[in-house]
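Shown next, in structure tokens, is the structure this report addresses.
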Amino acid sequence: MSGFVEKLRGIVGDRGLVVDDAGKAPYLGDWRENFMGAALAIVRPASTDEVASVVRLCAAEKVAVVPQGGNTGMVGGATPDTDGRAIVLSLNRMNRILEVDPLGYTMTVEAGVVLKTIQDEAARHDRLFPLSLAAEGSCTIGGNLATNAGGVQVLHYGNARQLVLGIEVVLPSGEVWNGLRALKKDNTGYDLRDLYLGAEGTLGIITRAVLKLWPRPKDIATAWIAVPSPAAAVTLLSGAHAASEDNVTSCELMARQGIDLVLQHIPGAADPLAERHDWYVLLEWSSTRPRREGEAGLAGKMEAYLGEAMEQGLVLDAALAQSEAQAKAFWALRENHSESQKKDGPSIKHDISVSVSRIPAFMDEGLAAMRTVLPSCRPVPFGHVGDGNLHFNCMAPVGWDKPRFMEVAPAISAAVYDLVVKYGGSISAEHGIGRMKVEELAHYRGRIELDTMRAIKRALDPANLMNPGKVLEV
Ligand code: FAD
Ligand code: 2HG
Ligand code: ZN
């Protein structure tokens with residue numbers, strides 16, 4: 001294959017090619033350390049033309065391409081398989097912000113721009129790019145679009161699909177589809193853009209995007225709230241929409257088990273409330289209307305609302321952030337859930353969704369289902385309750401190593417996913433399918449849906465070279 005690698009070098013130059021084992025290593029395993037693959041080379045093109053030339057070469061030589069952004073995905077979608085015959089195509093050199101149009105509320109970027117850089121650039125123009133997730137310091141917009149990422153503000157702004165107007169894609173043939181349109185309305189036939197969003201790199205490589213911007217919030221209220229139950233959390237959220245004048249931008253539910261792991265593993269983390277409680281909500285309201293002199297603003301409204309909720313027994317205790325630093329500390333308790341679970345030991349994740357009003361019943365039945373399979377397991381449910389999206393995770397019993405837990409893990413997952421189906425929910429709300437849930441997708445999706453998906457994949461990638469083995473077996 002040395003001739004092939006030299007052809008790659010001819011396209012991307014020395015800076016764009018990684019062939020030594022130490023250099024390749026960070027691109028070959030996933031964030032959760034569940035998958036480790038091998039690759040002929042890591043290819044890092046610097047432009048759409050270079051991506052297209054690399055993909056054309058791979059198509060001609062029948063070499064599979066695994067697109068990769070920040071490599072923070074939760075389902076192994078960016079990890080090559082172990083045969084070492086694919087290349088990893090990393091977008092991390094395509095990291096330029098190409099244009100900001102504050103008047104039209106858009107930003108045009110290359111796919112490898114880190115999400116936090118986009119948020120900061122929008123803020124510099126007094127605008128907001130609302131996609132927000134704990135991996136924002138390292139995930140890329142290309143990866144966010146390819147996974148249709150969710151995060152903590154979906155209930156107000158929508159998921160990644162709703163935050164983008166146009167995209168440019170390098171197709172499996174190496175041709176470039178320029179759908180980089182900044183149009184809010186465009187009913188000209190099938191929506192090709194929506195095909196590539198959430199396709200996890202199996203239909204093509206997103207190289208550029210036109211993103212939507214929003215006005216930057218000027219008044220933000222954040223509260224850390226102890227609630228008696230998930231049912232109380234859902235009722236609290238339901239009333240908050242009107243009480244905040246439709247300004248609820250985040251509503252995250254957490255169980256005490258998750259908080260204990262954060263306090264144990266994350267230096268500097270502290271419990272905002274004096275007493276221990278079983279359930280917590282992190283509630284945030286944001287408005288673009290600045291708080292005027294002498295007004296209590298959103299914090300005043302939130303305080304009044306939480307006071308009423310306390311009288312109704314929906315709230316047990318609450319702390320309203322008195323500063324940006326305190327709000328950040330509340331958020332750190334939520335955002336360090338994944339990191340602290342990773343540090344604690346083996347776990348399995350169930351990124352599920354049901355309708356918001358069915359969260360309480362699902363929680364009860366789901367916890368019972370996990371414990372029926374393995375009474376000593378340690379469930380850590382948390383997540384985006386406003387989207388009906390729970391991370392219904394489960395830590396291994398204390399003292400168990402990964403191989404032992406993985407023997408029983410499939411039975412726990414099957415119990416959870418069967419219940420999700422009973423509730424009319426989804427087995428992957430926001431993380432995607434990757435390689436981790438290929439079998440589950442095939443099992444839980446209907447024949448018509450699977451046949452249609454396979455027909456699309458075969459039509460757009462007949463040689464099955466674009467991220468093969470991910471999402472669907474064809
Ligand atoms: P990667 O991991 O590199 O790739 C993900 C998938 O997209 C792969 O299938 C890959 O092949 C494909 N891909 C990447 N770039 C491209 C491209 N340019 N064109 C085509 N395909 C491409 N996700 C959420 O939805 N919500 C959350 O709240 C959330 N929180 C997280 C918190 C932590 C601590 C971590 C580690 C992850 C979290 N994630 C979350 C998962 C992950 O961050 C997101 O899925 C993110 O969108 C992935 O971006 P990435 O650039 O790292 O993509
Ligand atoms: C989050 O909401 C992410 O923090 C990660 O989606 C969830 O670790 C998880 O299970
Ligand atoms: Zn999440």
Side-chain angles (χ1 to χ4, degrees), residues 27 30-33 35 45 48 51 55 65-80 86 88-92 94-95 109-115 131-154 159-161 167-172 196-209 250 252-254 258 261 331 334-342 347-353 380-385 387 389-395 428-436 466-471:
Y27 297 87
D30 69 323
W31 185 87
R32 294 182 60 197
E33 298 171 4
F35 301 102
T48 301
V51 175
V55 173
V65 178
V66 180
Q68 191 176 98
N71 201 15
T72 67
M74 290 282 184
V75 287
T79 308
V88 170
L89 191 146
S90 167
L91 280 298
N92 62 9
M94 290 186 58
N95 57 5
V109 297
E110 290 184 327
V113 182
V114 168
L115 175 57
L131 187 63
S132 176
L133 44 129
E136 64 199 23
S138 36
C139 64
T140 62
I141 192 67
N144 301 147
L145 296 174
T147 58
N148 186 26
V152 295
Q153 302 203 100
V154 172
N159 46 24
R161 196 184 288 280
I167 52 174
E168 176 188 78
V169 181
V170 172
L171 309 180
Y196 297 104
L197 303 174
E200 302 181 51
T202 60
L203 300 179
I205 298 172
I206 299 169
T207 41
R208 291 192 285 174
S250 292
E252 297 288 309
L253 176 70
M254 288 152 280
L261 292 175
W331 271 110
R334 163 62 183 88
E335 300 211 315
N336 277 309
H337 266 58
S338 307
E339 184 69 30
S340 60
Q341 285 166 43
K342 186 172 160 180
S347 72
I348 47 174
K349 294 189 187 298
H350 305 107
D351 164 36
I352 64 95
S353 65
V380 191
F382 67 101
H384 319 288
V385 65
D387 313 326
N389 175 193
L390 290 177
H391 298 303
F392 210 63
N393 297 352
C394 186
M395 306 291 308
S428 182
E430 58 172 10
H431 296 161
I433 300 299
R435 56 196 275 189
M436 199 179 89
M466 199 48 80
N467 215 0
K470 313 293 166 56
V471 182

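What's counted below: heavy atoms across the whole structure, side chains too, no hydrogens, waters or symmetry copies. Both ligands and their constituent atoms are indexed starting at 1 by order of listing. On a predicted model such as this, the values are computed, not experimentally measured, just so you know.
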**Asked** Which of the atoms in ligand 1, numbered in the order shown and given with their element, are less than 4.0 Å from a heavy-atom of Gly201?
**Response** 20 (C), 21 (N)
**Prompt:** Looking at Ala149, which atoms of ligand 1 are within less than 4.0 Å of one of its heavy atoms?
**Reply:** 25 (O), 47 (O)
**Request:** Please indicate whether any nitrogen or oxygen in Ile206 is less than 3.5 Å from any nitrogen or oxygen in ligand 1.
**Result:** yes
**Message:** Which residue and atom name correspond to the protein heavy atom nearest atom 46 (C) of ligand 1, and how close is it?
**Reply:** Asn144 ND2, 3.5 Å
**Item:** Contacts of the Zn ion (ligand 3) with protein N/O/S atoms, counting only those under 2.8 Å
**Value:** His384 NE2, His391 NE2, Glu430 OE2
**Prompt:** Out of Ala135, Gly70, Ala78, who gets a non-hydrogen atom closest to atom 33 (C) of ligand 1?
**Reply:** Ala135
**Request:** Run the numbers for me: atoms of ligand 1, each under 4.0 Å from some heavy atom of Leu91, listed by number.
**Result:** 18 (N)
**Message:** Closer than 3.5 angstrom, by distance alone: can the side chain of Gln341 be matched with the main-chain N or O of Leu261 as a donor-acceptor pair?
**Reply:** no
**Asked** Within less than 4.0 angstrom of ligand 1, does Asn71 place any heavy atom?
**Response** yes
**Request:** Give the residue, atom name and distance (to 0.1 Å) of the protein heavy atom nearest atom 11 (O) of ligand 1.
**Result:** Pro67 O, 2.6 Å
**Item:** Heavy-atom donor-acceptor pair, Asn389 side chain to Ile352 backbone, under 3.5 Å
**Value:** yes
**Option of least heavy-atom distance to atom 44 (C) of ligand 1 (set: Asp30, Asn389, Thr72)** = Thr72
**Complete:** Of all protein heavy atoms, the one nearest atom 13 (N) of ligand 1 is Ala146 CB, 3.6 Å
**Request:** Would you check, one step at a time, whether the test side chain to side chain contact (heavy atoms under 4.5 Å, CB included) holds for Ile205 with Leu91?
**Result:** CA-CA 9 Å; Ile205 298 172; Leu91 280 298; 4.0 Å; yes
**Fill in**
On a heavy-atom basis, the closest approach of Ile348 and His350 is CD1-CE1, 3.6 Å
**Prompt:** Side chains of Glu430 and Asn159: donor-acceptor distance under 3.5 Å anywhere?
**Reply:** no
**Prompt:** Hey, does the side chain of Glu252 reach the backbone of Phe382 with a donor-acceptor pair shorter than 3.5 angstrom?
**Reply:** no
**Asked** Is there a donor-acceptor pair under 3.5 Å between the side chain of Gln68 and the backbone N or O of Tyr27?
**Response** yes
**Item:** Shortest non-hydrogen contact from Ala78 toward Asn71
**Value:** CB-OD1, 3.9 Å
**Request:** Look at the side chain of Asn467 and the backbone N and O of Gly77, then say whether any donor-acceptor pair between them is shorter than 3.5 Å.
**Result:** yes
**Message:** So is Gly151 touching ligand 1 or not, going by heavy atoms under 4.0 Å?
**Reply:** yes
**Asked** What protein heavy atom sits nearest atom 38 (C) of ligand 1, and how far away is it?
**Response** Met74 CE, 3.9 Å
**Short N or O distance, Ala111 and ligand 1, threshold 3.5 Å exclusive** = no
**Request:** Could you tell me which atoms of ligand 1, counted from 1 in the order shown, lie closer than 4.0 angstrom to a heavy atom of Asn467?
**Result:** 9 (O), 11 (O)
**Nearest non-hydrogen partners of Ala199 and Thr202, listed with the distance** = O-OG1, 2.7 Å
**Item:** Which atom of Leu203 lies closest to which atom of Pro172, heavy atoms considered
**Value:** O-CD, 3.1 Å
**Fill in**
Taking only non-hydrogen atoms of Gly204 and a 4.0 Å limit, the atoms of ligand 1 in range are 20 (C)
**Item:** N or O pair under 3.5 Å between Ser338 and ligand 1
**Value:** no
**Item:** Amino acids contacting ligand 2, non-hydrogen cut-off under 4.0 Å
**Value:** Met74, Arg334, Ser338, Lys349, Phe382, His384, His391, Asn393, Glu430, His431
**Request:** Could you name the option among Ser138, Gly137, Gly69 that has the heavy atom nearest to atom 3 (O) of ligand 1?
**Result:** Gly69
**Message:** I need the nearest protein heavy-atom contact for atom 6 (C) of ligand 1: residue, atom name and distance, please.
**Reply:** Thr147 CG2, 3.6 Å
**Item:** Minimum heavy-atom distance Thr79-Arg435, with the two atoms named
**Value:** O-NH1, 3.5 Å
**Item:** Under 3.5 Å: N/O of Trp31 near N/O of ligand 1
**Value:** no
**Smallest separation among heavy atoms of Leu133 and Ala149, with atom names** = CD2-CB, 4.3 Å
**Item:** Sidechain-backbone polar pair: Lys470 side chain, Val66 backbone, donor-acceptor under 3.5 Å
**Value:** no
**Item:** His384 side chain to Gly151 backbone, donor-acceptor under 3.5 Å
**Value:** yes
